[in-house]
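Labels below follow one simple rule: chain letters A, B, ... track the order of the sequence lines, proteins then strands, and each chain is numbered from 1. What you see is a predicted model, and the numbers here were worked out from it, not measured in a lab. Any value given below was found using the heavy atoms of this structure, including those in side chains, with hydrogens, waters and symmetry copies removed.
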Amino acid sequence: MTDQTFEPKIIAFLCNWCSYRAADMAGTARIKYNPNIRTIRVMCSGRVDPIFVMKAFALGADGVMIAGCHPGECHYIEQNYKTMRRYELLKHTLRAFGIEDHRLRLQWASAAEGALLAKAIDEMTEQVRALGPLNWSQYWGSDEFDEATFEKIALEHAEALEVSA
Amino acid sequence: MRYGYYPGCSLSHSAKPYGDSIQSIRTPLDIELKEVEDWNCCGATEYVALNKTAAFALVGRNLALGSQEGFETLVTPCSACYLNLKKTDHYMGKFKDLDKKTNEALAAGGLSYKPGSLKVRHMLDIVVNDIGFDKIREHVTRPLEGLKVASYYGCLIVRPEFEEFFDDPELPTHMDKLMETLGAEVVDFSMKTHCCGGHMPQISTDTAYSLIYGILNEAQKNGADLLVTICPMCQLNLDAYQAQVNKQYKTKFNLPILYFTQMMGLAFGASEKELGLGKEFVQAAPALKKIGTAVEKAQEKPKRRKRGDKTLPMPQKKVEVKYG
Amino acid sequence: MTEKAKLALYWAASCGGCEIAVLGIDDKILKVDEAFEIVFWPCVMDGKVRDVENLADGEIDVCLFNGGIRTSEQEYMAKLLRKKSKVLVAFGSCAHEGCIPGLANLSNRKEIFQISYHDTPSTVNPEGIEPQTETETPNGTLHLPFFYDTLKTLDQTVPVDYYVPGCPPEADRIWDAISAILEQNLPAPGSVIGAKSTVCDTCPRTRSEKKIKKFYRTWEIIPDPDICLLEQGIICAGVATRAGCGALCPSVNSPCIGCYGPTDGVEDFGARLLSALASVIDSDDPEEIQRIIEDGMPDPAGTLYRFGLAGGLLRRNILQTNGQKKSQAMGSTVSEV
Amino acid sequence: MAERVGVYVCHCGSNIAGTVDVENVATWAKDNIDGVVVSRDYQFMCSSLGQELIEEDIKNENLNRIVVAACSPHLHEKTFRRACSNAGLNPYFMQMASIREQVSWVTTDKSAATQKAKALISGAIHRVQLHEELTPSKVNVTPTTLVVGGGIAGIQAAIELADAGYPVYLVEREPSIGGHMAQFDKTFPTLDCAACILTPKMSDVDAHENITLMSYSEVEEVTGFVGNFHVKIRKKARYVNEADCTGCGICIEKCPKSIVDDVFETGIGYRKAVYRPFPQAVPKYPVIDTESCIYFDTGKCKACEKFCPTDAIDFEQKDTFIELDVGNIILATGYDMFDAFKIPQYGYGRLPNVYTNLEFERLCNAAGPTEGNIVLRDGVTKPESVAIVHCVGSRDKNHNPYCSAVCCMAALKFGHLVMEKTGADVTSCYIDMRPTFKNYEEFYDRLMDEGMNFIRGKVAEITDNALTPEEEGKVIVQVEDTLAGKIRRLPVDMVILMSAMEPKADARDTALKFGISCSMDGWFTERHPKLDPVATMTDGIFIAGVCQGPKDIPDTVAQGAAAAARIQGMISRGEVEIEPIVASIDPGTCSGCRICNNLCPFNAIDYLEEEGISEVNAALCKGCGTCVSACPAGAITGAHFNNQQIYAELDGLLFDAAETRESVEAAGQPAGVQGR
């Protein structure tokens with residue numbers, strides 16, 4: 001289902017050293033990109049806990065991007081490799097939940113690659129837009145009993161018993 | 001292993017020995033080659049310069065036929081055909097409009113081709129990578145010891161380098177290894193991937209001869225008894241115009257030009273007839289007499305430097321520097 | 001003598017194991033009887049919903065509620081018991097985090113009915129009858145509860161005061177909980193009554209630094225009895241699972257499957273375990289990593305969320321019926337309980 | 001207790017206000033988000049007035065949390081943190097929202113920009129309320145410094161520190177310090193002889209009371225943290241007893257075994273089995289190379305021992321290990337040359353008269369194998385024509401994409417030397433000429449005046465395959481002259497390949513050993529490419545010279561000095577602050593599963609055997625948080641980036657998704673005891 005008016009909300013976790021600086025760079029260079037991305041700064045993409053991603057979806061995000069330094073260029077030497085491993089398993093797991101691959105993206109961007117990051121953001125925004133809203137909590141179903149009905153049932157029980165008595 | 005086979009025009013005529021020798025090594029190495037039904041000329045190296053659409057359609061037809069017959073791999077022994085087939089497949093995948101145009105043209109003949117559905121490979125690639133040196137070694141009954149060969153690739157197979165070329169385009173070495181596997185001695189040869197002149201002999205003999213001269217000269221200088229090639233065009237130029245080159249440059253080159261498959265046949269003990277030997281302008285027979293005349297050269301021990309010897313040592317290939 | 005405190009036990013979507021487990025505390029059950037007047041316990045004594053309804057609000061001192069909320073009746077009972085109880089305890093994995101019944105959240109009502117009432121080999125149902133919420137009979141209309149698409153944990157339905165984890169809770173832990181209640185030295189409301197650390201803490205195996213090149217399914221190798229199972233490539237959830245069981249499974253060469261749920265403050269057991277496992281995969285090459293994962297963990301949801309799916313952050317898989325509410329799914333009769 | 005948050009939305013002139021409706025955002029924040037007590041928009045928050053505004057509000061409105069929505073925290077986080085501490089508020093109670101770099105500058109649609117700004121600010125407000133008080137810890141700095149690498153960079157750094165009165169250990173892998181510079185003949189553009197300016201510095205190092213020189217030694221292992229490193233150094237066996245050796249050199253003279261020296265003489269000269277890389281070597285003590293020594297091979301000879309006047313030769317010597325405590329470390333490990341064999345079409349190793357730049361340096365070095373005579377491989381003939389090939393392995397996607405920075409100038413230098421010494425005509429084949437430094441362009445002009453030829457084009461191949469009589473016996477350089485637009489074949493006597501500078505073959509191992517990172521190419525990564533070029537991500541570890549990237553001698557020396565200066569600052573301060581953004585493990589929850597142990601590249605996580613739990617060494621921890629998100633028990637907390645703070649930020653960022661998720665907050669959260 002593609003909804004043209006639909007503006008996806010995408011959470012992006014940016015590592016302090018490369019991808020957040022890439023975002024700064026995109027800004028300084030006045031590179032325009034879709035406003036749908038909302039960023040959280042973490043020290044390293046290795047800090048991005050799969051729980052954050054789940055939480056983001058549960059809180060109503062339509063997509064999540066994890067951005068970090070290029071493999072081999074991590075400011076913490078090798079931590080983004082752990083990100084890579086978690087990302088793969090996370091994707092594998094989200095598939096089992098029926099969440100489309102395009103809703104989670106791992107993006108390497110060095111401090112100099114503002115344009116690349118901007119392009120990735122635009123690309124992802126369009127992909128998620130095409131997938132439509134996720135609005136995860138709708139699948140949980142809501143309670144069926146408000147106070148009134150609740151009382152009503154109690155009452156019915158009372159009557160029922162009185163009849164049989 | 002079963003492959004679609006695209007021999008190309010020359011293999012039944014000017015390069016018949018190539019075709020024959022391929023047939024003769026096919027059986028021992030059990031390479032199953034199924035010729036593409038009703039294939040046509042690849043347009044050689046010129047056509048594309050005259051009319052792109054037509055040229056690509058011409059090649060496209062062969063690809064279409066190949067994939068139609070359900071092949072995964074299309075093997076060709078001719079470097080020009082290899083280049084054309086690979087180029088067409090590659091460009092059709094890369095440039096959507098070329099893909100569209102070509103397929104429109106093919107549609108006229110009720111054909112279509114989806115780029116990437118056929119893997120175009122050169123005979124040499126199949127021999128060294130699919131069959132492998134070990135299996136080849138098993139079949140060597142008549143090692144080519146004593147024979148000094150220069151392995152010559154020509155330019156068409158190495159450039160332009162599309163995605164994954166099966167060897168180093170700057171300095172390919174597969175044929176060297178193959179020749180060594182057959183027992184021949186490989187001489188250093190820096191002209192490996194230089195142009196043989198292609199169709200220059202018809203256009204500017206001077207240009208053509210200078211190129212041919214360069215190749216033969218280098219081979220001779222490095223002590224080669226013969227050149228081994230993988231391309232009918234190269235074979236023809238180096239072989240057929242050797243006399244003219246000798247005349248023009250006052251040289252006495254007498255270097256037979258053989259196909260790598262002929263060398264394999266020889267080593268496998270096939271008869272000269274099977275391999276179409278003797279059909280070359282520069283007769284290979286004299287050179288081939290050297291087979292088996294290898295002399296055990298005693299490995300010389302490092303000689304001490306003489307007093308007053310001013311010469312500077314030559315650079316040695318670096319062994320991986322290990323620190324710590 | 002002073003009046004005994006009132007105790008209620010109820011089961012919703014659960015296997016009943018928790019009930020057995022309560023009895024499993026042996027003679028201590030008598031102590032329970034000494035301490036409490038059991039007002040409601042359908043599993044072991046007769047009782048009517050009406051009796052509960054007739055109680056004053058908050059009259060029950062403690063209610064041990066096991067099982068998740070799968071039907072409208074269970075939801076009603078949860079709300080009823082919440083209303084009538086001072087302290088409501090989500091007792092056992094099902095009430096706590098959904099447990100095995102929660103895995104049905106990877107499916108939905110339609111599929112579940114299809115399987116249970118049509119497809120299972122043991123089912124003979126030529127007329128293709130499915131449970132109806134209302135059935136007319138000569139003696140009047142019979143009601144059946146409505147079956148929800150999504151199983152909820154107890155606290156997704158009503159506020160819960162305490163949690164007792166485990167599938168089922170170990171006898172000793174149950175007694176710990178009960179005595180805590182008796183002695184009135186309960187932790188802060190909302191907390192889990194249990195250990196702080198994880199199963200590894202009580203696991204006898206020797207552990208060293210971890211690097212995993214391949215995940216093995218339990219039948220693929222015979223594990224070394226003394227070395228950490230995870231280090232041998234067997235997915236053992238012990239690293240992420242709250243201690244309390246005494247590492248029963250690992251001590252008999254079988255990996256922990258996580259029935260005691262996560263430790264305090266962890267919001268999603270599966271993701272927690274996921275992150276830990278992925279972090280120690282011994283490869284930096286995306287293709288190889290994918291291979292290791294896909295070969296080693298064909299069913300990630302089942303592996304990582306065996307007990308914690310319904311209680312996790314996502315709770316279920318994408319629902320093809322798009323979260324259709326009961327009202328849409330079945331008229332608007334509410335009185336099917 | 002409820003936090004009192006102050007929100008400050010910066011206009012940044014029109015930079016932000018031009019695209020984001022700042023007034024609207026400010027009022028919206030106050031009206032819609034709990035905890036916000038003050039919410040203002042202001043022209044320039046970073047101005048002193050803007051900062052005072054915050055300080056005033058903190059005092060008057062007793063705010064205890066601050067959110068500044070302005071530019072990127074990388075620009076002004078420090079500024080506003082300072083403002084907070086000035087007003088007596090813990091600086092870590094401040095959070096920035098980057099609504100300039102990440103909103104106004106990158107968004108065209110005004111309403112979308114305003115909405116995004118709201119999201120970011122709401123995220124910051126939610127987050128900041130959960131911030132915890134943090135104070136940097138302080139550690140003392142050992143005044144001793146370790147310098148690794150005795151090239152000009154290391155020498156410069158060592159001398160600077162030593163002159164400042166601080167003890168320095170200089171560790172060099174080779175038998176002598178001096179590095180590549182010692183191999184050079186002249187230096188551009190001044191053409192003063194490398195040795196003449198280098199050797200005095202080398203002997204300074206030797207003589208300096210504050211410098212302990214450890215040549216022929218390597219760092220084995222590094223532990224500890226800024227101010228308090230502990231290093232283990234392997235002193236390789238010299239088989240020459242330094243205490244007794246006078247450096248007279250008789251052993252070298254008498255040694256019967258002579259072999260090609262492919263380190264210092266780059267393979268075009270010879271040395272003995274017992275040797276000193278070059279006459280002015282520092283230290284002066286020779287080294288016995290066991291590979292080639294006859295005694296080590298056959299058990300006979302011992303000529304050196306027989307003739308040594310002071311019995312300094314000791315065949316029994318073993319490697320020794322020295323352990324040091326140092327406060328800071330400077331890495332000046334230099335570079336390797338690109339292996340010209342990797343470009344076969346240039347004929348290196350096949351054509352005798354194709355040399356590399358480093359070989360040529362030795363060739364025209366008066367102390368080199370030819371006493372400075374520029375000759376062909378035969379050792380006698382002077383070349384009449386020389387071609388210099390630029391960018392061999394540099395600016396070449398097949399090998400190294402980067403520019404090696406010095407080759408253009410070195411080529412000009414070579415051109416001058418060749419013409420001066422042999423009168424041969426010289427042709428340089430270049431892609432671009434890059435004489436970009438003081439007096440470099442002038443030098444280029446000078447060479448053009450001196451008659452050096454320049455052909456703009458990348459050389460295709462170098463061959464001895466003559467096509468014309470005049471090419472016979474020559475080396476032919478085939479190149480496309482891109483200015484004349486034609487292919488040229490240059491028959492010359494000698495070719496010099498300007499080989500690229502490459503990271504040391506073991507640069508990555510070194511980086512790992514010292515806990516710093518490398519670029520893709522393998523150059524060490526500086527903390528900031530512009531503003532912090534000699535520091536690294538690892539406090540207390542600095543880099544200087546080419547190990548950080550290709551550069552010439554002046555830049556290298558400057559970096560050496562800069563690194564030394566940085567360290568002097570730390571030493572004179574006596575203590576350093578350690579970022580409080582670190583991980584910590586709750587011993588109660590940790591079960592010692594050991595998942596985290598090998599995740600830390602800085603070895604900050606120790607496993608305590610007896611307690612059976614793991615522990616974070618705060619001083620080593622860099623705060624990346626990888627272990628935090630890996631801990632299956634949730635036992636590890638990352639200061640300033642803990643889960644609750646991130647959840648809160650997520651919650652705030654998705655404020656406008658709230659309507660679709662009433663029920664979420666309840667999910668899995670403690671319910672409290674309602675219904676009683």
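If you tally non-hydrogen atom pairs under 4.5 Å between each of C/Gly302, C/Ala276, C/Ala301, C/Ser279 and chain A, the highest count goes to C/Ser279. Of the listed residues (C/Leu277, C/Leu80, C/Val280), the greatest number of heavy-atom pairs within a distance under 4.5 Å of chain A belongs to C/Leu80. When A/Met84, A/His92, A/Glu78 are compared by the number of non-hydrogen pairs under 4.5 Å with chain C, A/His92 comes out ahead. Options C/Ile69, C/Ile293, C/Asp299 differ in how many heavy-atom pairs under 4.5 Å they form with chain A, and the most are formed by C/Ile293.
Within the model, atoms CG of C/Asn317 and CG of C/Asn108 stand 8.0 Å from one another, a figure rounded to the nearest 0.5 Å.
Only the side chain of C/Leu304 comes within less than 4.5 Å of a heavy atom in chain A; its backbone stays farther off. No part of C/Thr303 comes within reach of chain A, as not one of its non-hydrogen atoms sits under 4.5 angstrom from that chain. Residue C/Ile289 touches chain A through its side chain alone, counting heavy-atom pairs closer than 4.5 Å. The part of C/Leu106 that comes within reach of chain A is its side chain, from C-beta onward, which places non-hydrogen atoms under 4.5 angstrom from that chain. In this structure, chain C has a heavy atom under 4.5 Å from the side chain of A/Glu151, while its backbone stays farther away. Residue contact with chain C, scored on non-hydrogen atoms closer than 4.5 Å, involves the side chain of A/Leu134 exclusively.
By the 30° and 60° cut-offs, the orientation of the rings of A/Trp17 relative to A/Tyr76 is perpendicular.
C/Leu151 pairs in a side chain to side chain contact (heavy atoms under 4.5 Å, CB included) with only one of the listed residues (C/Leu103, C/Thr71, C/Leu309, C/Asn105), which is C/Asn105. Of the listed residues (C/Arg70, C/Glu75, C/Arg109), just one forms a side chain to side chain donor-acceptor pair (under 3.5 Å) with C/Tyr148, and that residue is C/Glu75. Considering A/Glu88, A/Arg85, A/Lys91 as possible partners of C/Gln290, the one that fulfils the side chain to side chain donor-acceptor pair (under 3.5 Å) test is A/Glu88.
No hydrogens or angles considered: a donor-acceptor pair under 3.5 Å links the side chains of C/Asp155 and C/Thr153.
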Open item on the list: Pair C/Tyr305, C/Asp268 - check side-chain hydrogen bond (donor to acceptor under 3.5 Å, both in side chains), show working.
Closed with: CA-CA 9 Å; C/Tyr305 288 90; C/Asp268 190 290; 2.6 Å; yes
